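For reference, the structure is listed below as structure tokens.
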There are 2 protein chains.
Amino acid sequence: MAVTISDVAHAAGVSKGAVSYALNGQPGVSAGTRERILQAAKELGWKPSLRAKGLSSAKAYALGLVVARDPSLLGTDPFFPAFIAGIETALAEHDYTLVLSVATGAGAEERCYRKLAENGRVDGFLLTDVRHDDSRIPLLQELKLPAVTLNRPDADSPFPAVSMDDCAGITAAVEHLVALGHTRIAHVGGGQEYIHGRSRRQAWESALAAAGLRADLFAAADFTAAGGMAATAELLRRADRPTAIVYANDLMATAGQSYAQTQGITVPGDLSVTGYDNADFTQYLNPPLTTVSTDPMLWGRVAAQVLLNQLSNAHDGEDTVLQAPTLLVRASTGPAPAG
Amino acid sequence: MAVTISDVAHAAGVSKGAVSYALNGQPGVSAGTRERILQAAKELGWKPSLRAKGLSSAKAYALGLVVARDPSLLGTDPFFPAFIAGIETALAEHDYTLVLSVATGAGAEERCYRKLAENGRVDGFLLTDVRHDDSRIPLLQELKLPAVTLNRPDADSPFPAVSMDDCAGITAAVEHLVALGHTRIAHVGGGQEYIHGRSRRQAWESALAAAGLRADLFAAADFTAAGGMAATAELLRRADRPTAIVYANDLMATAGQSYAQTQGITVPGDLSVTGYDNADFTQYLNPPLTTVSTDPMLWGRVAAQVLLNQLSNAHDGEDTVLQAPTLLVRASTGPAPAG
DNA sequence: GATAACCACTAAACCGGTTCAGTTGAGAGT
DNA sequence: ACTCTCAACTGAACCGGTTTAGTGGTTATC
């Protein structure tokens with residue numbers, strides 16, 4: 001079979017313990033012996049078994065990510081793949097691995113976390129899509145596993161957060177529209193149970209207030225294309241129809257823009273539209289979508305790094321705030337229609 | 001700490017071995033004793049440690065999925081999330097877990113497979129995006145791990161395949177266009193290094209031949225929106241400009257449709273367009289995209305199931321062929337323009 | 001010159017399961 | 001009454017690492 005620590009110990013003429021010390025850079029072996037052991041290990045091509053390591057150190061050397069979105073929504077969200085790619089870049093350097101679970105249906109999410117924890121599959125979790133009063137925070141405290149949250153939860157959380165400010169992007173979008181002369185600027189919100197759904201709405205409200213405008217054109221949706229379309233339809237039926245809509249994500253913006261066009265409303269002539277996320281396909285829409293360009297890959301890398309630091313007790317407990325995303329002006333926004 | 005097999009053995013008044021036999025349904029314990037042991041285990045809430053199990057049985061109880069796509073392309077592909085969700089449904093029943101790696105950059109893919117294999121992280125791999133003469137097949141034979149391929153590779157492969165016929169969907173799209181009177185039906189192909197890129201192109205060629213039409217309007221692309229747009233531009237510059245384009249996926253079709261519109265070409269008035277995958281957003285495009293609706297969730301579930309069966313030696317070695325996807329006719333296709 | 005302190009290292013226990021080689025007792029066969 | 005067999009179970013080895021307790025020899029301390 002594969003070469004074990006005993007083989008290396010035998011080859012170097014020392015005990016298993018000495019090999020372990022040498023490998024892990026612990027005291028207890030002289031420099032010369034250490035060199036001899038490492039040399040033998042290299043010659044034999046020894047790879048310490050993670051399974052054995054895991055058993056004696058009670059670690060999994062893996063991080064968990066539980067995704068509780070509906071697969072059809074997940075499908076077109078550019079966030080996760082890039083986020084995961086970012087996680088990988090951090091994990092790869094530390095021989096850690098990502099265990100991914102997709103939980104669909106009520107209760108599945110909690111079961112997922114419990115199972116991964118109880119089976120000792122992971123040493124910690126990355127929490128995305130943090131919700132208002134998120135039940136996962138007490139759950140993970142109960143399971144006694146560390147975690148990192150994306151954005152700071154609104155409930156008390158003992159876990160460090162890695163945040164990417166939503167506010168700046170939405171504010172920039174609103175300011176951009178105000179500068180173009182719009183006064184009736186609506187917002188199609190994402191699920192308000194999510195804190196990023198809420199914060200984007202609040203950012204829209206604040207930005208309007210700062211411009212001296214009323215924030216009365218809000219339509220609730222759920223980050224899905226279908227929801228975005230319905231919310232758009234509702235807004236466009238109003239007597240005080242908006243001349244611009246700020247969407248909480250690209251998928252809703254796409255659906256909304258498309259819906260408006262089918263109603264004979266031109267974009268950006270009659271209606272300006274902004275999205276959020278900068279999904280790849282948005283630059284190929286007709287017109288290309290003005291949107292907020294986030295960096296989920298960086299987010300993933302930093303979040304994983306913070307969690308790894310926590311596991312090695314190297315984390316200071318402080319939240320990390322990433323650079324705010326920037327507005328990408330494309331052709332879906334234009335001057336407010338006259339009148 | 002947690003309750004171990006020894007605790008259970010002690011509680012039931014038997015040896016560790018007996019508990020192991022009882023739990024795994026092996027002979028060596030009488031029905032009465034077995035009952036008593038299971039009872040004790042339940043009362044103590046014993047969960048056998050996967051780590052310990054893994055060490056003695058040399059198994060990881062996990063399956064690996066290495067995704068080698070560019071994250072930006074991945075982002076808008078609805079395939080993976082649904083595929084992964086399908087995998088989960090199969091794994092959840094067997095206490096198996098999914099280890100996901102995203103490999104970016106040349107050489108990263110092979111390194112990923114090697115690392116997961118050498119670290120004993122997984123018991124087998126799911127191979128997606130199978131390529132022409134795919135180097136991963138000899139690689140996995142070298143690594144001595146079982147696998148399942150999505151679609152049968154064109155090179156010799158010892159691994160069972162789970163296939164979803166590409167041909168039928170493309171054929172249906174072409175037949176649909178022919179029935180609408182189109183004679184110049186182009187194809188914007190996906191990367192031809194992928195067997196699904198090739199097979200979709202071949203299906204397009206065969207369907208045209210069956211209709212007595214020449215398959216001379218092919219433009220190579222790479223499944224990305226940018227590539228789809230460039231290929232579309234190329235086709236529309238031709239003197240014998242097509243009246244319909246069959247795209248190898250939705251992302252390219254979206255970009256192509258949008259590009260045509262910016263050039264003053266109406267869809268479907270001047271140009272009919274079909275996609276492939278039925279991404280969520282396609283039904284909210286303007287016009288909604290005629291596309292081929294696949295079932296990646298089912299695919300994932302079956303593929304994982306086949307791999308699990310292989311691991312328990314319960315697989316017959318036969319390939320599995322899933323039901324062919326169907327054409328979803330929406331408003332991006334219409335009668336061929338007169339003349 | 002006795003004692004303490006320290007270094008480099010080994011042997012063995014340990015993590016929590018699986019599995020192999022025996023041991024025991026009961027029942028069958030002759 | 002004697003072996004023979006088999007089921008039921010135990011004890012120990014084993015998987016491949018980490019870690020603790022202990023050993024022998026050298027050097028510092030008073």
Side-chain angles (χ1 to χ4, degrees), chain A residues 1-41 44-62 95-96 117-121 123 311-312, chain B residues 1-41 44-62 95-96 117-121 123 311-312:
Chain A
M1 287 272 293
V3 31
T4 75
I5 198 173
S6 300
D7 300 331
V8 175
H10 187 253
V14 294
S15 70
K16 280 166 57 178
V19 177
S20 176
Y21 291 144
L23 186 79
N24 298 312
Q26 293 193 8
V29 277
S30 65
T33 310
R34 175 172 315 233
E35 198 51 49
R36 196 155 40 87
I37 292 172
L38 294 179
Q39 180 63 28
L44 293 174
W46 176 53
K47 284 251 163 199
S49 148
L50 270 182
R51 276 198 268 273
K53 254 175 110 146
L55 179 59
S56 59
S57 64
K59 288 206 273 182
Y61 299 99
D95 259 307
Y96 265 70
E118 283 167 4
N119 283 345
R121 292 287 198 170
D123 300 322
L311 292 175
S312 55
Chain B
M1 288 272 295
V3 31
T4 75
I5 197 172
S6 300
D7 300 330
V8 175
H10 187 253
V14 294
S15 70
K16 279 167 56 175
V19 177
S20 176
Y21 292 142
L23 185 80
N24 299 311
Q26 292 191 9
V29 275
S30 66
T33 310
R34 178 173 315 237
E35 199 51 48
R36 194 155 40 87
I37 291 171
L38 294 179
Q39 182 62 30
L44 294 174
W46 176 53
K47 285 252 163 197
S49 147
L50 271 181
R51 277 199 268 271
K53 252 174 114 147
L55 179 58
S56 58
S57 63
K59 288 206 274 182
Y61 299 99
D95 258 307
Y96 265 70
E118 283 167 5
N119 283 346
R121 292 287 199 172
D123 299 322
L311 292 176
S312 54

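Residue numbering restarts at 1 for every chain, and letters A, B, ... go by the order of the sequence lines. All values derive from a computational prediction rather than experimental measurement.
Closest approach of Asp7(B) and Ala2(B) over heavy atoms only: OD2-O, 4.1 Å. Nearest heavy atom pair, residue Gly120(A) against residue Ala60(A), reads O-CB, 3.3 Å. Between Leu311(B) and Asp123(B) the shortest heavy-atom distance is CD2-O, 3.3 Å.
For DNA chain D, the neighbouring residues in residues 45-57 of chain A, judged by any heavy atom under 4.0 Å, are Trp46(A), Lys47(A), Pro48(A), Ser49(A), Ala52(A), Lys53(A), Leu55(A), Ser56(A). Residues from residues 24-34 of chain B lying near DNA chain C, meaning a heavy-atom separation below 4.0 Å, are Asn24(B), Gln26(B) in numerical order. For the contact set between residues 8-15 of chain B and DNA chain D, defined by any heavy atom under 4.0 Å, the members are Gly13(B), Val14(B), Ser15(B).
Separating the CD atom of Glu35(B) from the C1' atom of dA8(D) is a distance of 17 Å, rounded to the nearest angstrom. The CZ atom of Arg36(A) sits 12 Å away from the C1' atom of dA8(C) (whole-angstrom rounding). Atoms NZ (Lys59(B)) and P (dG17(C)) sit 16 Å apart, rounded to a whole Å. Atom pair Asp7(B):CG and dG17(C):C1' shows a separation of 13 Å (rounding to whole Å applied). Rounded to whole angstrom, the span from the CG atom of Asp95(A) across to the C1' atom of dG17(D) amounts to 15 Å. As a whole-Å value, the separation of Asn119(B) CG from dG17(D) P is 12 Å. If you take CG of Leu23(B) and P of dT18(C), they are 7 Å apart, rounded to a whole angstrom. When the P atom of dA11(C) is taken as reference, atom CD1 of Ile5(A) falls 14 Å away, rounded to whole Å.
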Using atom types as modelled, flag every donor-acceptor pair under 3.5 Å from a side chain in residues 13-32 of chain A to any protein atom, sequence neighbours excluded.
unit_1   : atom_1 : unit_2   : atom_2 : d
Ser15(A) : OG     : Ala18(A) : N      : 3.4
Asn24(A) : ND2    : Ser20(A) : O      : 3.0
Ser30(A) : OG     : Thr33(A) : N      : 3.4
Ser30(A) : OG     : Thr33(A) : OG1    : 2.8

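Side chain Lys16(A) to base dG16(D): no donor-acceptor pair is found below 3.5 Å.
Between the two ends of the helix from dG1(C)-dC30(D) to dT30(C)-dA1(D), each summarised by a five-pair axis, the helix axis turns through 60° (rounded to 10 degrees).
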Is there any protein nitrogen or oxygen under 3.5 Å from a nitrogen or oxygen in nucleotides 20-28 of chain D, and what are the pairs?
unit_1  : atom_1 : unit_2   : atom_2 : d
dT20(D) : O4     : Tyr21(A) : OH     : 3.0

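Partners of Glu118(A) according to the side-chain hydrogen bond (donor to acceptor under 3.5 Å, both in side chains) rule, which considers only residues two or more places apart in sequence or in another chain, do not exist here. In terms of the side-chain contact (heavy atoms from CB on, under 4.5 Å) criterion, residue partners of Arg121(A) (sequence neighbours excluded) are, by chain and number, Leu116(A), Asn119(A), Leu50(B), Tyr61(B), Ala62(B), Thr97(B). In terms of the side-chain hydrogen bond (donor to acceptor under 3.5 Å, both in side chains) criterion, Glu35(B) has no residue partners (sequence neighbours excluded). Partners of Ser56(B) by side-chain hydrogen bond (donor to acceptor under 3.5 Å, both in side chains), not counting sequence neighbours: none found.
A distance of 11.0 Å separates CG of Leu44(A) from NE2 of His10(A), quoted to the nearest 0.5 Å.
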